[in-house]
Protein chains: 2
Amino acid sequence: MLKNKSMYAILGILSLAPSSGYDIKKYSDKVLSGFWNENFGHIYPTLKRMLEDGMIEIVSGDKNEKKVRYGITEKGKQEFDAWLLEESQQQPVRSEFMLKLLFSSGQPRENVIHMLVNYKELHIKNKENYLGILKDLEEGIQEISKERVFFHKAILRKGILSSEAMIRWCDETIEELQPKQP
Amino acid sequence: MLKNKSMYAILGILSLAPSSGYDIKKYSDKVLSGFWNENFGHIYPTLKRMLEDGMIEIVSGDKNEKKVRYGITEKGKQEFDAWLLEESQQQPVRSEFMLKLLFSSGQPRENVIHMLVNYKELHIKNKENYLGILKDLEEGIQEISKERVFFHKAILRKGILSSEAMIRWCDETIEELQPKQP
DNA sequence: CATACAATATATCAGAGTGATATATTTGTC
DNA sequence: GACAAATATATCACTCTGATATATTGTATG
């Protein structure tokens, strides 16, 4: 059996509500973004294979509904639950920014500072984004079950703490690079 | 031109010292680990292509040296420096742990707590690892130029701050999940 | 009402990256 | 001298990414 991680993301999303490939992409961009990403080039072939394997089935809500929506099957639910209990594997990391920084000892200081300022701004935006979603969650704008709100909030809190750590690190590092004003 | 990021990592490593494919892997596991990863399945084909493109050349330190070592060429240096000035692209993220957590609302609490305890331990180990390398750097055990030490330390500091944030988040989240003792 | 533009929806492909595996040599060490 | 561990190179199936093509539906604006 192939260990296609996209399959589990898709099963998770379909366990909430039957969706089209496009819906899956939207959910992944909106809710999972920050710790997971999916793209069409992977979603559609995976859906096709999952259908063949009996993990999902085509459901039609309305009679005259045209778009294809997929729902999770009993087999799919079992597969998903088994995965939830597995030990998570560490995903490989690749930060182009960090790689550049390590090899920047020959660069002019202002270039390096510029890099760090950009990076800081990125994390400020990320943090604001997380705070916005958190606010929506707390005001109950999203239609989401109460049990799930706790986990949503936990994930957002992780993003916020992480962004704050990065902003602090940027400040520290920029400070050290700045020529001292006497 | 293909945008193979491994090429830049390899160029960076070769700009420090001529190395074999195996040396590149070792350096990447030891120094870059935490923000970058390389594997043989990518290193060897990339080296082959870089040789064809004139980015690197075969150098022989000793006369009777058997293993093939590659050095960076002038063209390779130019390519590398141009890359350093480019805006860094964001790499896609995939955290299986976070994905599981989001969909864990139906799981028993103790399972979720167990997941978080494991995750916390992972980050404690990461932090200790970074602190160890930092100590070595400060004691000057590593043979590394003074200009480069600053960047090495900055990267380690980032890892440490990041780990600390994750440890704090695990503690917070476990605390909230723990049944209150009156 | 037309027309233009954005959002919805599905699909494919080249190429980047991963992880596992095979294999052979050299170097230490008991 | 035997055996294990480290060094070294290579290949392959599979996963994942990013770009692109294409057609339809919804909606806003003159």
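Reminder, nothing fancy here: chain letters follow the sequence lines and each chain counts from 1. Since we're looking at a predicted model, the values are computed, not measured.
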In whole Å, I'd like the distance from the CG atom of A:Asp29 to the P atom of D:dG18. 12 Å
In whole angstroms, the gap separating C1' of D:dC16 from CG of A:Leu47 amounts to 15 Å
Interatomic distance, A:Asn4 CG vs C:dG19 C1' [rounded to whole Å]: 15 Å
D:dA10 C1' sits how many Å from B:His42 NE2, rounded? 14 Å
Under 4.0 angstrom between A:Asn39 side-chain N/O and D:dC16 OP1 or OP2: no
Less than 4.0 angstrom from a charged side-chain N to a carboxylate O is my criterion; do B:Lys100 and B:Glu96 meet it? yes
Using a strict heavy-atom distance below 4.0 Å, which residues from residues 85-101 of chain B are in contact with DNA chain D? B:Pro92, B:Arg94
Minimum heavy-atom separation for A:Pro45 to A:Phe40, with atom names? CD-O, 3.9 Å
Any salt bridge linking A:Lys77 with A:Asp81? Criterion: basic side-chain nitrogen under 4.0 Å from a carboxylate oxygen. no
Say whether A:Thr173 and A:Arg168, considering side chains only, have a donor N or O and an acceptor N or O under 3.5 Å apart. no
Please write out each protein N/O paired with an N/O of nucleotides 20-23 of chain D under 3.5 Å, distance rounded to 0.1 Å.
none

Between A:Ile43 (CD1) and C:dT8 (P), how many Å, whole number? 14 Å
Please report the closest heavy-atom contact between B:Phe151 and A:Leu102, naming both atoms and the distance. CB-O, 4.2 Å
At their closest point, which heavy atom of A:Leu14 faces which heavy atom of A:Tyr70, and how far apart are they? CD2-O, 3.4 Å
Can you tell me how far C1' of C:dA16 sits from OH of B:Tyr8, to the nearest Å? 13 Å
Between A:Pro92 and B:Asn37, what is the shortest heavy-atom contact and its length? CB-ND2, 3.3 Å
Those residues of residues 12-26 of chain A lying under 4.0 Å from DNA chain C by at least one heavy atom: A:Ser20, A:Gly21, A:Tyr22, A:Asp23, A:Lys26
Of all pairs that satisfy side-chain hydrogen bond (donor to acceptor under 3.5 Å, both in side chains), the ones with a partner from residues 154-166 of chain B, not counting sequence neighbours: A:Tyr119-B:Lys158, A:Glu172-B:Arg157, B:Lys127-B:Glu164
For the residue pair A:Ala165 and B:Ala165, what are the closest heavy atoms and their distance? CB-CB, 3.9 Å
To the nearest angstrom, how far is A:Tyr27 atom OH from C:dA9 atom P? 17 Å
Has B:Asn37 got a side-chain N or O lying under 4.0 Å from the OP1 or OP2 atom of C:dT18? yes
D:dA10 phosphate, OP1 or OP2, under 4.0 Å from B:Tyr44 side-chain N/O: no
The criterion is ring-ring contact (aromatic ring centres under 6.0 Å, His included); which residues satisfy it with B:Phe80, sequence neighbours excluded? A:Phe103, B:Trp83
Of the options D:dT11, D:dC16, C:dT12, whose atoms approach the side-chain atoms of A:Lys5 most closely? D:dC16
Is the closest side-chain heavy-atom distance between B:Val68 and B:Ser20 below 4.5 Å? no
Got a sec: does the CD of A:Gln178 have more than 12 other heavy atoms crowding it under 6.0 Å? yes
Would A:Gln91 and A:Lys5 count as having a side-chain donor-acceptor pair, cut-off 3.5 Å? no
Starting at CZ of A:Arg49 and ending at C1' of D:dA13, how long is that distance when rounded to a whole Å? 13 Å
With B:Val117 as reference, evaluate B:Glu121, B:Lys120, B:Met115 under the side-chain contact (heavy atoms from CB on, under 4.5 Å) test and give the passing residue. B:Glu121
Based on the rotation axes of five pairs at each end, what angle does the helix from C:dC1-D:dG30 to C:dC30-D:dG1 bend through, to 10°? 30°
